[in-house]
2 protein chains.
Amino acid sequence: MARLAKVSVSTVSYAFSGKRPIRPQTYERVMNAAKELDYAPNAGARMMRSEHKNIVALSAPLRLKQNKESYADYFIEMARQEHERGYDSLLLTAENGVEDIRRVTRSNLADGVILMDIVDDDIRAAQAATYGRPCIAIGLPRHHSDLACVDLDFELMGRMAIETLHDKGRTSPIFLKGPRKEYERRSSYRLIMRNSMHTWAKRYGMHLTEAEQSTIREDCIEQTYESIRDRRVDSIISEVRPIQLLGVVRALQSRGIVIPDDVSVISCAAGTPSSSLEHLGISEMPLTPQPLCAAACDILTGAIEQGQQIAGLVSLRKPTFYKRTSV
Amino acid sequence: MARLAKVSVSTVSYAFSGKRPIRPQTYERVMNAAKELDYAPNAGARMMRSEHKNIVALSAPLRLKQNKESYADYFIEMARQEHERGYDSLLLTAENGVEDIRRVTRSNLADGVILMDIVDDDIRAAQAATYGRPCIAIGLPRHHSDLACVDLDFELMGRMAIETLHDKGRTSPIFLKGPRKEYERRSSYRLIMRNSMHTWAKRYGMHLTEAEQSTIREDCIEQTYESIRDRRVDSIISEVRPIQLLGVVRALQSRGIVIPDDVSVISCAAGTPSSSLEHLGISEMPLTPQPLCAAACDILTGAIEQGQQIAGLVSLRKPTFYKRTSV
DNA sequence: TTGTAGGCGTTATCAA
DNA sequence: TTGATAACGCCTACAA
């Protein structure tokens, strides 16, 4: 390579890194030779020399098959964002995330770590201090003193949902819960939001009931209908997928229930704002990956590139409330 | 490190790589010292020396937001399989996949390339010869002379669906098409299966019609019902998501349509065999990631580790047909 | 503006 | 069974 361009190796190096001025014609010669030989600097050698590997580890353990769809959005978005900032993403899907993360950080393969699909007692978060690299979680695990956390403020989301209904004079909301398995594995954000709703409902003297996801199926939808008809329920807060909520709403409407006269509806579900929900005028606080991932990337790259200390940092973002006719 | 264990650097190296026999007590000393210093071999230096990086590039360009869920399954499964074989996966999501792939292969970061979400005229496949590394696609693009391809045999799947209906004396199937956008971007496998169905329907003298996905919505489901009632349609081949197909089936049943007496139903959709479909007795040929990904990994690791030539190889797998009461 | 040389951590070769 | 040493390709301080 250096021979072909008739320059020294250092000239080649500087031509690529731009860390010292090069005469235009020399630069030209180098780049032509590079093109000719299909040359690219060797990643391994480069990594050995420089502190920056431009690789981050994306830890998304496969806890639960059913959950894949929702957090796939997150790590695709995460990879996109990291790429924009010049980083490649190493996908770690092992069940036991900790060992894998240690392997890639301690061997100096990855500059930083991103944890996704956080559970309440997340072991990957608890072990963050042992990675020797900055670490950030999308979510808020119980132990978070050794890493940064970015998440929607689900505490606030629960409160906003309850307060909005309270302001409209509603007293008896029902909470359409997401998959039971999500609660069994103690999905962090779901627990936080559910607790918050109960706390605030109590404070406002409201009667909050819950419906398991299975009861949303057609055969059981009757019960929900009757609760509303008999005025035992006057509002719905849903965390099931929009398409399922749509099924419920349509079923209720076909039985003569009117929104928001008979029942208010608020959706708090994964995914970008749903056009179907908007079409029906259903209010929603969507869980959109984009702003969260962008914030997480910014924080992590700051830690990697400027050496900022981020352990213990918690950044909770205010949910966006699309208020529509359903409340 | 070598000092602490009182051995030479080469002994440390061999202790970790296992490439030459080490006396147990020496090995012990090395590992204790490693634990003490929290030492792990430097990945960069390792990559520089050895031909194997144990990293593969996973190219999944974000062509279409709506499509994310279905192929997220694939690259999660892919990462899992590669991990089992000792490889990490580098997630490449850039819109223009080619440049990214070249970057990681030419810089000796990745040992091989896996292409996902293949379209008919896939440019990443067409450029595979320029990567300088073995490359494999999950799917069958038009140009595939420079890479290996693994896929379900969608040609055969279309044929099997048609022939099964023909064997049962059906003459007028309707094809419930997936998202229109998937066809607009020329998703490879959808085109193949659709063509195949038309070819074989023609051969058997059957009358195959098509329904756009939008017509599955409730407001248009009436038309489908009427077609069946009037005997203009006697069978359904669906490639929409199981949950949507369920909606259709229920709507038809509530209008008095009986399966399979009035209409046969076959589902050919992404995801593992659906328990809801099984429950209703609906036959299906599911598009499951696991066997495809395993086959692809085997071929790719064979190419990487044994230097097998895989360019031009095409491996089509026979679809699994779960025949139930719906046909 | 460009070249020379030393060192990064690992592995392969050769010697003990 | 283990040790010493020379590469690998890159970066950079220093020399020209």
Side-chain angles (χ1 to χ4, degrees), chain A residues 1-55 86 88 102-111 132-133 305, chain B residues 1-55 86 88 103-111 132-133 304-305:
Chain A
M1 167 63 200
R3 272 199 309 275
L4 178 62
K6 286 176 187 162
V7 294
S8 73
V9 284
S10 63
T11 305
V12 174
S13 173
Y14 285 118
F16 274 92
S17 70
K19 288 192 182 176
R20 84 179 182 192
I22 305 248
R23 188 149 38 112
Q25 42 187 296
T26 312
Y27 181 84
E28 197 84 349
R29 268 220 314 286
V30 171
M31 287 311 166
N32 283 339
K35 193 153 281 178
E36 183 132 352
L37 298 180
D38 209 38
Y39 166 87
N42 180 294
R46 197 162 226 184
M47 283 166 65
M48 196 174 76
R49 292 285 308 153
S50 58
E51 198 52 32
H52 277 52
K53 284 82 195 163
N54 285 293
I55 293 182
D88 283 319
R102 279 219 201 91
R103 180 173 57 79
V104 298
T105 54
R106 294 196 341 192
S107 71
N108 288 303
L109 222 193
D111 298 316
R133 301 276 163 188
E305 291 167 14
Chain B
M1 167 64 200
R3 273 198 309 274
L4 179 64
K6 287 174 185 162
V7 294
S8 72
V9 284
S10 56
T11 306
V12 176
S13 171
Y14 286 117
F16 274 92
S17 71
K19 288 191 182 175
R20 83 181 182 191
I22 306 252
R23 189 151 37 112
Q25 41 187 295
T26 312
Y27 181 83
E28 197 85 349
R29 266 219 317 288
V30 172
M31 287 310 165
N32 285 338
K35 194 155 281 178
E36 182 132 354
L37 299 180
D38 207 42
Y39 163 89
N42 180 293
R46 207 163 216 184
M47 281 165 66
M48 195 174 78
R49 291 296 302 153
S50 57
E51 196 55 31
H52 278 50
K53 285 81 196 166
N54 285 293
I55 292 181
D88 283 318
R103 180 173 57 80
V104 298
T105 53
R106 292 194 342 192
S107 71
N108 288 303
L109 222 191
D111 298 316
R133 301 275 163 189
I304 293 171
E305 290 166 14

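Note that the coordinates shown come from a computational prediction; the quantities given were computed from them, not determined experimentally.
Atoms NZ (B:Lys53) and P (D:dC8) sit 15 Å apart, rounded to a whole Å. Atom C1' of nucleotide C:dC8 and atom CD of A:Glu51 are separated by 12 Å, given to the nearest angstrom. For B:Arg29 and D:dT1, the CZ to C1' distance is 12 Å, given to the nearest whole Å. Atoms CZ (B:Phe16) and C1' (C:dG9) sit 13 Å apart, rounded to a whole Å. One interatomic measurement links the two molecules: CG of B:Leu109 to P of D:dC10, which rounds to 13 Å at whole-angstrom precision. Computed from coordinates, the B:Met47 CE to D:dC10 P distance equals 12 Å when rounded to whole Å. Look at NE2 on B:His52: it is 12 Å from P on C:dA12, rounded to the nearest Å.
Judged by distance alone, the side chains of B:Ser10 and B:Ser13 never bring a donor and an acceptor atom under 3.5 Å apart. Using a 3.5 Å distance cut-off with no hydrogens or angles, the side chains of B:Asn108 and A:Arg46 do not pair a donor with an acceptor.
For C:dG9, the OP1/OP2 oxygens have no side-chain nitrogen or oxygen of B:Arg46 closer than 4.0 Å. Between A:Lys19 and the phosphate of D:dT12, there is a side-chain N or O to OP1/OP2 separation shorter than 4.0 Å. Taking 4.0 angstrom as the limit, B:Ser13 places none of its side-chain polar atoms (N or O) nearer than this to OP1 or OP2 of C:dT10. Listed pair A:Ser10 / D:dT12 fails the phosphate criterion, with no side-chain N or O lying under 4.0 Å from OP1 or OP2.
The distance from the CG atom of B:Asp111 to the CG atom of B:Asp88 is 10.5 Å, given to the nearest 0.5 Å. A distance of 7.0 Å separates CE in B:Met47 from OG in B:Ser107, rounded to the nearest 0.5 Å. The structure places CZ of B:Arg23 at 10.5 Å from OG1 of B:Thr11, a figure rounded to the nearest 0.5 Å.
Within the 4.0 angstrom heavy-atom criterion, base atoms lie near A:Arg49. The residue A:Val7 sits close only to the backbone: its heavy atoms come under 4.0 Å of sugar-phosphate atoms, none of a base.
Comparing C:dG9, D:dT12, D:dT1 against the side chain of B:Asn42 picks out C:dG9 as the nearest. Checking D:dT12, C:dT10, C:dA12 against the side-chain heavy atoms of B:Tyr14 singles out C:dA12 as nearest. Considering only the side chain of A:Pro21, C:dT1 comes nearest among C:dT1, C:dG3, D:dC10. Closest to the A:Met48 side chain, of the nucleotides C:dT2, D:dT5, D:dG9, is D:dG9. If you check C:dT2, C:dA12, D:dT2 against the side chain of B:Ile22, the one that comes closest is D:dT2. Candidate nucleotides D:dC10, C:dT2, D:dA13 were compared by shortest atom distance to the side chain of A:Thr11, and C:dT2 ranks first.
Comparing B:Tyr39 and B:Arg20 along DNA chain C, the residue whose closest nucleotide (by nearest heavy atom) sits nearer the 5' end is B:Tyr39. Both A:Val9 and B:Pro41 lie close to DNA chain C; mapped to their nearest nucleotides by heavy-atom distance, the more 5′-ward contact belongs to A:Val9. Looking at which nucleotide of DNA chain D each of B:Lys6 and B:Ala45 is closest to, the 5′-most match is held by B:Lys6.
Checking side-chain atoms of A:Thr105 against main-chain N and O of A:Arg102 turns up a donor-acceptor pair under 3.5 Å.
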